Amino acid sequence: MIRRESAIVTDPVTLSEPQPTRLVRIEAFALDPAFAEAFEGAVGAPLPAVGRVTDAPAGPVIWAEPRAVLASGDAAALSAALSGVAAVSDVSGAWRRIDLTGPGWRERLMIDGLFDAESPGFAPGCVAATLLRHAPVMLCPTGRDGVLICVAPSFAADLRAALAR
Amino acid sequence: MKYSALSLLRAGLGGHKDWPRAWRDPEPKSHYDVILIGGGGHGLTTAFYLAAAHGVKNVAVLERSWIGGGNTGRNTTIVRSNYRLPQLHALMELSLKRWEGMSDEINYNVMFSQRGALFLGHSDSDMLQLAQKGDAMRADGIDAELMTRDQVARLIPLLDVSAGARYPVQGGLIQRRGGTARHDAVAWGYARAADRLGVDIIQNCEVTGMDITSGRITGVQTTRGAIGADRVGIAVAGNSGRVAAMADLKLPIESHLLQAFVSEPVKPMIDTVIMTQSLHCYISQSDKGEIVLGGDPDAYPTYSQRGAPHIIEKAAAEALALVPALSRLRMLRSWAGTTDMSFDGSPFIDATPVEGLYFNGGWCYGGFKATPGSGWLFAHLLARGESHPVAAPFRLDRFETGHTMDEPGVGPMPQNR
Amino acid sequence: MMLIPCPHCGPRAHAEFTFDRPVEAITRPDDTADALVRNLFSRDNPRGHSRELWRHTYGCRAWIALTRDTATHAITDVQAWGAKA
Amino acid sequence: MSGGSRLPAGGLIDRSRTLRFGFDGRDFTGHPGDTLASALLASGVRVFGRSFKYHRTRGLLAAGVEEPSALVGAGEGGRFEPNTRATDLHLYDGLVAESQNRWPSLALDVGAVNQLIAPFIPAGFYYKTFLGPPALWKLYEHVIRAAAGLGRPPHLPDPDRYERRAAFCDVLVVGAGPAGLSAALAAARSGARVALAEMDSRLGGSLLGDPAQIDGQPARDWIAASETELRTLGVRVLTRTTAIGYYDHDMVYLAERVVEPGAATGDDGIAQRMWRMRAGRVILAQGAIERPLPFEDNDRPGVMLSGAVRTYLDRFGVAAGQRIVLATSSDDAYRTAIRLCDAGVRVEALLDARSGDAIDADLLRRTRDRCPVETGVRPVRALGGAKGVTGLAAAAAGGAASFIADVIAVSGGLTPSVHLHMQAGGGLDWDEGRGIFTPTAPRQGQVSIGACAGRFGLADALSDAWRAGLDAAAATGGRPVADTPPRFEGRAFADQISAFVPAPGVNPKKVFVDPQNDVTLGDLDLAWREGYRSVEHQKRYTTLGMATDQGKTSNLIGLARLAQNEGRPAPQVGLTTFRPPFIPTTLGLWAGEDAGFHVTPLRRTPLHDQHAAFDPPWQAVGYWRRPRAYLRAGETLATAALREARMVRTTVGITDVSTLGKFEVSGPDAAQLLERVCATSVSKLAVGRGRYTFMLREDGLVNDDGTVWRLAEDRFLLTSSTGGADRMAGLISYVRNVLYPDLRVGAANVQEHHAAIAVAGPRARAVIAAVVEGMAPPRHMSLGRGVVAGVPVLVIAASYSGERAFEVYAPSHQAVAVWTALAEAAQAQDGGLYGLEALEILRVEKGHVETGGEIDGRTSAHDLRLEKMLNPRGGYVGQLAQQRPAFADPDRLQFVGVESLGGPIAEGSMLVERPGFAVQGHVTAAGLRVLEEGFVGLALLKGGRARPGDELLAWSPTRTASARVRVCEPVFHDPAGERYRD
């Protein structure tokens with residue numbers, strides 16, 4: 001039989017799952033200067049802009065919702081530091097991290113995805129929350145050759161298998 | 001000319017020159033006893049039963065475009081009465097009984113095919129729900145049989161009944177009197193039958209306003225002039241809100257959209273109407289051989305009759321999960337209909353606050369099966385000014401009183417239905 | 001599939017969003033029972049421009065108010081909920 | 001000798017290689033670059049199949065996707081695809097194809113008897129006969145169904161995969177003919193992100209094999225150079241990819257055939273790929289479809305479109321016949337005639353319906369140099385029979401003439417392909433002279449160019465396309481280049497007139513409009529006479545345009561006939577809707593990645609692998625899977641469940657309840673938010689304590705239930721049911737963000753953060769004491785914090801089973817160690833694991849309501865005996881709606897217990913006085929006493945709360961089971977709650 005030359009050239013990717021870190025969700029009571037100031041004091045980095053990731057001493061700070069971010073750190077300590085301006089919850093178990101690396105990562109995210117991961121503007125420092133193969137995910141490019149995929153643990157096994165297919 | 005094998009034979013010898021028009025194309029009269037707005041199945045059956053059962057023959061059906069062009073011609077043609085709630089049993093079974101005599105009653109073959117309507121169960125809780133539904137049906141005098149997995153597998157050999165399936169089949173509930181019908185034929189057949197009793201079916205006549213004096217309707221304004229009427233019935237699925245607004249009425253209805261699609265025709269492969277308790281697709285095969293499929297509604301307000309493709313992707317995937325051999329059949333055509341979503345999933349057949357103005361609508365995506373019953377009950381209401389006992393619960397004010405009839409129990413948001 | 005301009009995430013596929021209700025149908029527990037029935041259980045249901053509450057459920061989870069044409073699906077305005085409409 | 005043959009040279013096929021294939025059991029050969037149609041035509045095959053209704057023989061009409069007649073079954077086993085267009089099936093080695101709708105064989109077909117009774121089965125005949133009761137119709141229908149349908153149905157699972165892929169571009173160009181290539185070049189050079197989709201396997205469209213010169217070079221070279229440049233500029237060039245649907249906001253679905261129908265897939269197993277292409281602008285360059293001419297027996301094998309005859313010649317090196325006569329109302333047939341003559345194929349005559357002075361003199365002269373041309377002549381009847389045409393009878397003003405021919409090449413003019421333009425919501429203009437609709441009033445980002453815009457001339461198409469490409473690039477942020485468009489300096493030769501009306505004397509009943517569904521002009525006339533006068537009525541009554549080609553060659557002819565019957569111009573009689581997909585596409589492709597097991601995601605709890613090790617029967621709960629029981633050797637599900645339930649009642653059991661909804665609500669206004677969401681009081685809860693709670697919907701009916709725990713003064717944990725988790729997440733977010741955005745509170749969904757393990761039974765306390773360090777087991781409805789196996793845990797004391805019970809919450813990624821420690825400790829106490837079935841038995845005996853059971857979306861707080869818990873201060877969602885009169889109706893279905901006076905109670909049974917009497921309620925759940933004799937159930941009963949002691953029949957007609965039951969309080973185990981109180 002003849003197989004037509006496909007328009008698709010799938011570059012290789014590799015998958016790995018880093019160890020879970022201590023992750024907290026910080027939800028501002030109101031997006032006001034008091035919160036921004038307290039946040040920067042507590043986390044050691046400015047509040048990320050919409051759709052952005054910033055680096056803090058403890059790890060990346062990911063914009064998640066209009067008034068919520070994900071950050072690394074100890075929930076109790078951050079909660080105390082942000083008392084009165086934000087709610088802090090430990091969500092360490094709520095996200096699995098999948099590192100997808102290799103030149104084909106962008107293309108791999110287009111398979112049964114909805115988000116334009118092939119856009120050149122989607123680069124390190126960005127975060128996009130979307131659906132990938134029906135699983136709610138957050139996508140954070142980590143460099144030219146990789147992306148961090150945060151996914152709820154219940155969807156992780158299916159997603160990992162699908163990404164590896 | 002009465003339709004029969006003999007008349008067809010006779011006409012064939014004469015080159016089919018003499019078939020009369022199925023329905024006339026009359027000019028609107030200045031006044032009717034009853035005007036029905038909407039020439040879909042529900043309006044046409046209502047007109048027929050007004051004339052046939054109540055002797056009210058000075059009736060007009062006003063259709064904005066062509067008869068049967070709304071949801072009557074856009075559904076998946078499934079007919080069944082396998083509901084859970086007693087009020088819906090009464091309504092849908094009254095309708096199903098009329099389906100069973102329909103072709104003879106209107107002398108038009110609507111191809112009502114009682115090939116069985118099967119709900120599949122995929123878990124214990126599914127089977128409990130199905131048993132409960134089946135018992136409720138039987139207790140209300142409606143046929144229903146629980147089936148084991150093996151019985152289901154014998155009925156539909158192409159079904160995936162393997163234990164390793166994502167939604168393994170545990171059994172089913174079949175209503176053998178359920179089935180499918182030729183949807184267009186229902187509109188045409190009732191139009192012809194009503195016309196023969198003197199009803200005026202007026203196409204390309206859009207109602208643009210209502211004449212209401214002192215809280216009483218006296219007629220309607222149309223693109224073909226003003227037409228007077230003693231009573232006016234609204235049966236315009238998909239446009240109920242817009243028409244009711246002409247009488248300053250706000251309805252408990254949101255217009256959404258439901259898509260369906262058919263495959264290319266093939267020789268017989270699925271004999272039964274398949275529905276499922278855990279998934280949302282439904283599958284049947286038409287007489288022409290097309291596999292007819294539907295799935296979830298689009299779940300947002302729209303009048304566009306243009307659906308979103310990810311909805312039909314999901315329906316296709318669900319169909320394949322049940323019947324894997326459908327994979328290489330091709331989708332030939334997809335379409336969408338505007339559905340009048342009520343806030344409890346049940347319809348309305350009721351008088352409005354405007355004297356002489358009556359309303360029939362809110363059938364969500366289940367109106368086709370109810371067509372003859374709906375017409376029967378609406379005709380009763382229009383002829384007598386009071387509700388038939390079966391129609392009595394389907395009041396417009398039931399959200400004010402709380403007497404809702406929510407079959408799946410999903411609450412007042414139409415997009416969850 | 002519509003492309004809905006999330007005020008936070010930019011234009012995103014309809015499949016990431018869920019429709020909630022027309023803005024007119026938002027009622028609060030501290031309204032009156034009459035207002036509840038009037039707003040929750042009846043609709044203008046316009047063919048044309050409609051002001052609607054949607055949620056970017058599978059994205060940033062924000063609630064947004066869209067002005068959308070129910071006949072053409074054209075979206076002419078979008079606001080983050082609470083940003084004064 | 002008649003039929004097609006391969007010419008010694010020419011065509012874009014690779015003659016150096018031979019492909020072998022089978023058709024109806026006969027072996028054939030072809031070459032790479034052939035379609036099945038061209039290879040069979042080259043081998044002299046004329047009859048490809050039979051039509052739907054009359055089983056008339058059918059040959060090739062077209063050479064592309066518009067083909068209505070030449071349908072085959074392709075492939076074998078799970079790859080068998082019925083109804084495949086031979087013209088759109090690119091040949092591969094080993095292809096196995098079969099003709100359709102014939103029995104026992106293509107040549108000898110029993111169904112052909114329908115042709116004899118054709119006078120009695122015109123359009124819609126079935127509406128007029130087979131009347132009678134449904135049982136009788138079922139008999140007729142059985143026969144009709146077997147006769148209907150086309151191909152064989154597949155019956156095996158599909159071995160291949162279908163990929164679904166998102167893609168984005170600034171400019172999508174649909175169609176890579178001259179216009180599409182020109183537009184793509186302009187847009188790409190202007191810096192736009194461009195995608196080009198071409199349904200053929202190579203670019204070029206109508207230029208393929210054409211001798212035209214573009215930019216001073218042969219078309220072939222121009223195409224190759226263009227393709228190279230596009231690829232260099234980074235354009236996504238997708239071949240064998242058809243735009244099938246134009247959806248909202250410029251989302252175009254592109255169906256890519258990775259392998260041909262029936263062919264084996266490569267290593268990736270992918271047969272086709274669906275591109276969800278979101279474009280900034282869409283340039284439609286889909287070309288046009290030629291339409292046939294109306295004359296008698298125009299459905300016979302050998303009647304072909306003029307453009308198709310030329311395509312077979314130029315593209316495939318095949319002469320469609322030995323002696324060809326052309327009939328036309330357009331210039332297209334002249335191009336065909338010239339090409340045929342130049343290739344040495346015998347052209348008997350070219351018959352043009354137009355008068356000589358309406359035809360370009362140069363074209364006429366050039367053609368007459370090569371073959372006879374008669375003007376003002378119209379075809380009347382195809383001569384010949386089932387095996388194919390033998391000639392054509394024609395009529396001219398001066399009289400009749402007939403021509404010997406084995407192919408009648410016809411051109412009724414071109415019809416622009418406006419399908420996608422219309423799917424996108426565009427409008428149309430009617431061009432009476434040419435008999436075409438042209439696109440206008442685009443509603444989305446679409447623009448039509450070239451033939452699909454009615455610009456049939458090549459020079460026009462190229463320059464229009466260039467401009468469209470620049471405009472689209474500019475509109476999406478590109479910088480239009482100043483280059484000049486590709487040039488074609490020949491003449492257009494693209495005139496046509498409408499030719500919908502047959503020659504005088506032609507019998508309309510013999511003129512086929514839709515050759516697949518066997519719809520004739522006579523059928524259309526009959527429908528009109530009977531009053532089916534809307535274009536949709538005509539279509540639906542006669543089935544015109546409803547065949548697998550969706551009327552691509554026939555709809556306009558049908559419309560014209562209706563207009564003629566109505567005496568109105570075509571645009572006034574309307575147009576049927578153009579619905580996706582443009583060409584039929586497999587359901588497998590639509591299902592894409594979601595086929596089979598992947599139909600929905602499978603959500604796994606953090607302890608999934610621990611359960612899976614037991615290979616338990618699973619229960620689907622939404623997307624989740626939960627183990628129903630952990631069966632031991634020799635056990636059934638029922639006996640295992642009972643053993644597990646007894647274990648919980650006597651020692652201790654542990655079970656995974658991680659799927660429960662969980663929300664952490666914190667901040668100064670946390671209690672205030674919860675008292676909006678929950679119908680119970682929350683603010684008075686002491687720190688470290690918890691209580692049962694439930695939520696209402698806005699309509700006042702019970703939504704879900706759970707527990708609420710005060711972790712700290714300003715911090716709460718709220719749980720909800722598995723099935724209600726997503727609903728609650730939405731409700732909490734709505735209340736917090738939409739209704740009360742100013743509350744100083746945060747609400748985190750921690751469903752997946754915490755794994756949750758229930759420990760229940762008289763020895764539960766001992767297990768907790770043994771395993772949890774740093775904490776004494778908390779009292780009932782209290783909480784504590786400790787450490788298990790090094791993992792920090794939250795322990796709450798709440799009972800669902802009716803025994804002393806705890807739920808241990810651990811971060812999900814550390815849950816396995818906790819589970820293992822608890823399981824070992826439970827075993828040490830003679831306990832073990834229990835699943836959903838035991839959980840259900842226990843909760844029924846204890847009389848807890850359950851979402852999906854008694855909380856069925858129709859029950860109120862009062863119905864469920866929960867009204868005393870309603871927050872008297874109000875202010876919660878659903879409060880007001882409860883004031884409606886129906887909520888006080890004494891006849892509501894209310895929550896009760898039922899005790900069997902005999903045997904088991906069937907779940908779901910109706911509650912009646914006796915069979916045949918009115919239904920008073922139903923059994924929502926049933927089970928047995930775990931440690932004692934007897935069968936019990938929970939039920940919803942009319943006015944049930946006032947009816948303890950009533951005796952009823954729990955009746956299940958579907959299972960022929962019944963049990964006398966006595967109504968009682970819905971609690972059968974430890975009514976005072978002594979077993980779990982401290």
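All heavy atoms count here, side chains included; hydrogens, waters and symmetry mates do not. Predicted model, so just to flag it, every value in this text is computed and none were measured. Convention: sequence-line order gives letters A, B, ...; per-chain numbering from 1.
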Worksheet item: Can you check whether D:R858's main-chain N or O pairs, donor with acceptor, with B:D406's side chain at less than 3.5 Å?
Response: no
Practice prompt. Cation-pi check, B:K267 to D:W103: give yes when NZ or CZ is under 6.0 Å from the six-membered ring centre and within 45° of the ring axis, no otherwise.
Written response: no
Fill in: Part of B:A165 lying under 4.5 Å from any heavy atom of chain D
backbone
Discussion item. Between B:D184 and D:K539 (salt bridge meaning N to carboxylate O under 4.0 Å), is one present in this structure?
Written reply: no
Worksheet item: Under a 4.5 Å cut-off applied to non-hydrogen side-chain atoms, are B:P265 and D:T548 in contact?
Response: yes
Response to the item:
The interface call for B:Q285 against chain D, heavy-atom contacts under 4.5 Å, is both
Worksheet entry | chain D contact via B:M413 - side chain, backbone, both or neither, heavy atoms under 4.5 Å | side chain
Worksheet item: Side chain, backbone, both or neither: which part of B:S65 has a heavy atom under 4.5 Å from chain D?
Response: neither
Item to complete: For the residue pair D:Y127 and B:R182, confirm or rule out a side-chain donor-acceptor distance under 3.5 Å.
Response: yes
Response to the item:
Given the options B:W23, B:W66, B:W19, D:Y532 meets ring pair (Phe, Tyr, Trp, His ring centres under 6.0 Å) only with B:W23
Worksheet item: Given that the side chain runs from C-beta out, which part of B:L332 has a heavy atom under 4.5 Å from chain D: side chain, backbone, both or neither?
Response: both
Discussion item. Treating B:D104 as the side-chain partner and D:L131 as the backbone partner, does any N or O pair qualify as donor plus acceptor under 3.5 Å?
Written reply: no
Worksheet item: Do any N or O atoms from the side chain of D:R579 and from the backbone of B:R306 form a donor-acceptor pair under 3.5 angstrom?
Response: no
Item to complete: Pick one of side chain, backbone, both or neither for B:E407, based on which atoms fall under 4.5 Å of a heavy atom in chain D.
Response: backbone
Practice prompt. Using non-hydrogen atoms and a 4.5 Å limit, figure out which bit of B:I270 sits close to chain D: side chain, backbone, both or neither.
Written response: backbone
Worksheet item: So, B:R328 side chain and D:G588 main chain: donor-acceptor pair closer than 3.5 Å or not?
Response: no
Item to complete: Assert yes or no for the condition that the ring centre distance of B:F261 to D:W590 is strictly below 6.0 Å.
Response: no
Worksheet item: Is it the backbone or the side chain of B:P408 that comes under 4.5 Å from a heavy atom of chain D, or both, or neither?
Response: backbone
Practice prompt. Output yes when a side-chain donor or acceptor of B:R330 lies under 3.5 Å from a complementary backbone atom of D:P82, and no otherwise.
Written response: yes
Worksheet item: Taking the side chain from B:H16 and the backbone from D:P119, do they hold a donor-acceptor pair closer than 3.5 Å?
Response: yes
Worksheet item: Going by atom types only, do B:R138 and D:S956 share a side-chain donor-acceptor pair under 3.5 Å?
Response: no
